[in-house]
Asker: 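The structure follows.
Proteins get letters first, then strands, A, B, ... in listed order; numbering begins at 1 in each. For clarity, every value in this text was computed on a predicted model and none was experimentally measured.
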Amino acid sequence: MLHEPAARSGKDPASPYKTRIGTWMFCLYALIYAGFVAVNIGRPVLMEREILWGLNLAVVYGFFLIIFALVLALIYNGLCNAKERELKDTVAPGGER
Amino acid sequence: MAVAIFLLFVGMVLGLSFYFANKTRSASGYYAAGGQIHWGVNGIAFAGDYLSAASFLGICGMIATSGYDGFLYSIGYLAGWIVALFVVAEPMKRMGKYTFTDAVDAKFNSRGIKLMAAISTLVVSLCYLIPQMVGAGVLVEPLLGMPHAVGVILVGAVVIIIVATAGMTSTTYVQFLKGALLIVFSLVVTVAVLMRGLSTAPDQGGQVPFEPNVRLAAHAAAGGLTPADPAYAVVETHAIKAWTFYKLSRDGRISWWIDASQGGQAMLEECQWESRRAGAEPVVNGEPGGRLRQVGNLVSIEGRSGPEARTGPTNPFRFLSAIGSPDTQVLQWRMTRIKDAEGADVTLHHTYTTPGNKILRPGTRFKIEGSLLERIDFVSLMLALFLGTAALPHILIRYYTVPSPAAARKSTIVAIAAIGFFYILTLYMGLGAMVNAVINPLDNNMSAPLLARSFGTFLFAVITAIAFATVLGTVAGLIVAASGAVAHDLMDRFAGVQMNEKQKVRAGRLAAFAVGLVAIVLGILFKGQNVSFLVGLAFAVAASANLPAVIMLLFWRRTTAKGVAASIAVGVVSSLALIAFSPSLFSQYGLDPATAPIPFDNPGIFSIPLSFLVLVAVSLATRPKASPGVA
């Protein structure tokens, strides 16, 4: 695998955008994760209920949390890449405006 | 063959280390691999760092004995990467140079932050090192037939050589190799489990005949049960909690039984047992120096038992739905310690059955339907797992091995994909161990390698070697982080010791040696604890000490240097104090856990908010006064 050279990171004009969407996505995931914990302590019997393909809510919710993390991560990366490309022209070589 | 494959692996790891040793000339090379690692390699190395003994040995072991409750660790550990990706990854890369301390101190250049962040890095790394070393001892025992302590010392020695010779570059490639192999071979074990399917008489693929528990008809009498077979004589009776145990003698041979009466039919069931007397060899199941049988099987599958219950090869959904059925009964084991009439310490392993629907939902280990305190303890654990990942020093330093913030982001996404996939596999490996009669009743940490052994020596050797490399790699990463805290943060930046590049690398290597020695001692002292449980505690310390500082530095402009230093100090001290007085640690000290002054095991729900509050309060109290004439 080819390695990129180490580069000093300059000012990143996409940074505020990335921070904003990162925060929103974090809040969304935290909410769904909190829901998982809440069902566990509030209505644990619900976790036994069969939901999909013979699997109960505990397994489906657990797998969903893992897969959803990856889906969100890919969306985040796509949005960040698009923004970085869009703002690339506004930054001079060397990372400075 | 197992030993040969194992030694080949360790040799390969050491060879890689010596190869990169010749290339490490600068502090940047030692601590951050020169910042030149490709994001794809770094992502898998992230997975290698993260999928430590806790993930592979601890989670699989906990699922094997507690079902879904062990899988909660998988969910929490993976969810933590969301915090790492969305909140921490790119800013950490932008702010830092070599260590976590560099990042939190980038804005202030404060001696207080340097000191506190370095201490926090050291403490968290040591907390995380303990379970890895425990895992090392566990692995070496069955593979090389060496005692636990020898395994711990062996790992410590090899890792010190790796780290002290080459630093972050070799650690990265060891982690890359190990992370990739771990995922591939875990998939192989999972496929093998599914192909074997489920049965109520698991015989490890025909290698080990299944031995069902022996039962004995009995008569109810005034003083308890009497065996119907007159050849047995009752020697002792012990009533403990809800159970009554009988020590029986037949032709002078001792055995232990538990009252297993059902539906008005008096019945005794044989226990596995281990008797220890001072100065004498332990007696196991009546044999001096004997070994306990491996355990764990299904009594019925969806209401059927015997040969007709066998499923044959099955698919991933069917496997889970069959185990999770309310009509499936899982045989599990618990341990009770008693002192017999002759003064020997006897450990009894006796069975109980749990319906499948209770196995595949939370509640067997974590008392989510228990008291308010028990529920708070559960929430506290899930909070620490969620917030701990993004605060682990050995994970954070991996952001400095890539060339740019975008590469840091991409490597995190590769890590999430690899780690998420592995964690789904843990459910199959853990449940596979639970139903295939492979669990060691004394220590569930070996469940995954023992499951692999049931598919043949080759898979066992490869899986054990990978697990050992897992421990080596994670310990190496942790020791690099800890040595960075001592040599770079404390000596160079805090104390201002003047060193050239060569001396900095030498200081790092000496620090690695010292930290490695401490880790060896702690690994021996904590023998027997579930490694995932111990890592959960390390997560709580990391989340309490480091995360509030990182988050507030990024999102609250009024954060001051004193606020950051105070928050880290309070986070470390409060989480460690709560853990030190918790029931689990009291048990480790040999005291009654019920007498522990802190009634819960997981401190995060108290220590994390406390650390945030202290940061806010101290920052507000120490904010710089506005100069006259300045708006």
Asker: Below 4.5 Å from any heavy atom of chain A, which atoms of B:L72 appear? Answer side chain, backbone, both or neither.
Answerer: side chain
Asker: Among residues 32-39 of chain A, which residues come closer than 4.5 Å to chain B, judged by heavy atom distances?
Answerer: A:Y33, A:F36, A:V37
Asker: In chain order, what residues pass the salt bridge (Lys or Arg N to Asp or Glu O under 4.0 Å) check against B:K410, with sequence neighbours excluded?
Answerer: none
Asker: Can you tell which part of B:V83 gets under 4.5 Å to a heavy atom of chain A, answering side chain, backbone, both or neither?
Answerer: both
Asker: Please determine, among A:V45, A:L52, A:N81, A:L57, the option with the most heavy-atom pairs under 4.5 Å with chain B.
Answerer: A:N81
Asker: To the nearest 0.5 Å, what is the distance between CD (A:E48) and OG (B:S325)?
Answerer: 11.0 Å
Asker: side-chain contact (heavy atoms from CB on, under 4.5 Å) between A:M25 and B:V87: does it pass, once the steps are laid out?
Answerer: CA-CA 10 Å; A:M25 285 185 167; B:V87 184; over 6 Å; no
Asker: CD1/A:I67 to CZ/B:F421 distance, rounded to the nearest 0.5 angstrom?
Answerer: 11.0 Å
Asker: Is the shortest side-chain heavy-atom distance between B:L78 and A:L65 below 4.5 Å?
Answerer: no
Asker: Looking at A:A30, A:A69, A:P44, A:G54, which makes the most heavy-atom pairs under 4.5 Å with chain B?
Answerer: A:P44
Asker: Just so I understand: if I count every heavy-atom pair under 4.5 Å between each of B:S74, B:G76, B:A79, B:G420 and chain A, which residue has the most?
Answerer: B:A79
Asker: Roughly how far, to the nearest 0.5 Å, is the CG atom of A:L55 from the CZ atom of B:R318?
Answerer: 11.0 Å
Asker: Under a 4.5 Å cut-off applied to non-hydrogen side-chain atoms, are A:T23 and B:F555 in contact?
Answerer: yes
Asker: Considering all heavy atoms of both residues, which atom of B:I75 and which atom of A:G62 are nearest to each other, and what is their separation?
Answerer: CD1-CA, 3.5 Å
Asker: Report the residue from A:W24, A:F26, A:Y76 that forms a ring pair (Phe, Tyr, Trp, His ring centres under 6.0 Å) with B:F86.
Answerer: A:Y76
Asker: Which residues pass the salt bridge (Lys or Arg N to Asp or Glu O under 4.0 Å) test with B:R375, not counting sequence neighbours?
Answerer: none
Asker: Atom OG1 of B:T412 and atom CG of A:N77: how far apart are they, to the nearest 0.5 Å?
Answerer: 9.5 Å
Asker: How about residues 354-363 of chain B versus chain A: which residues have heavy atoms under 4.5 Å apart?
Answerer: B:N357, B:K358, B:L360, B:R361, B:P362
Asker: Which answer fits A:N56, side chain, backbone, both or neither, if we ask what part of it has an atom under 4.5 Å from a heavy atom of chain B?
Answerer: side chain
Asker: Is it the side chain or the backbone of B:I413 that comes within 4.5 Å of chain A heavy atoms, both, or neither?
Answerer: both
Asker: Contact part of A:I21 toward chain B, heavy-atom cut-off under 4.5 Å: side chain, backbone, both or neither?
Answerer: neither
Asker: Contact part of B:F386 toward chain A, heavy-atom cut-off under 4.5 Å: side chain, backbone, both or neither?
Answerer: both
Asker: Quick one: what part of B:F71 sits under 4.5 Å from any heavy atom of chain A, side chain, backbone, both or neither?
Answerer: side chain
Asker: What heavy-atom pair brings B:I416 and A:A73 nearest, and what distance separates the two atoms?
Answerer: CD1-CB, 4.0 Å
Asker: Whether the side chain of B:Y68 engages the backbone of A:A58 through a donor-acceptor N/O pair (distance < 3.5 Å, no angle test) should be reported.
Answerer: yes
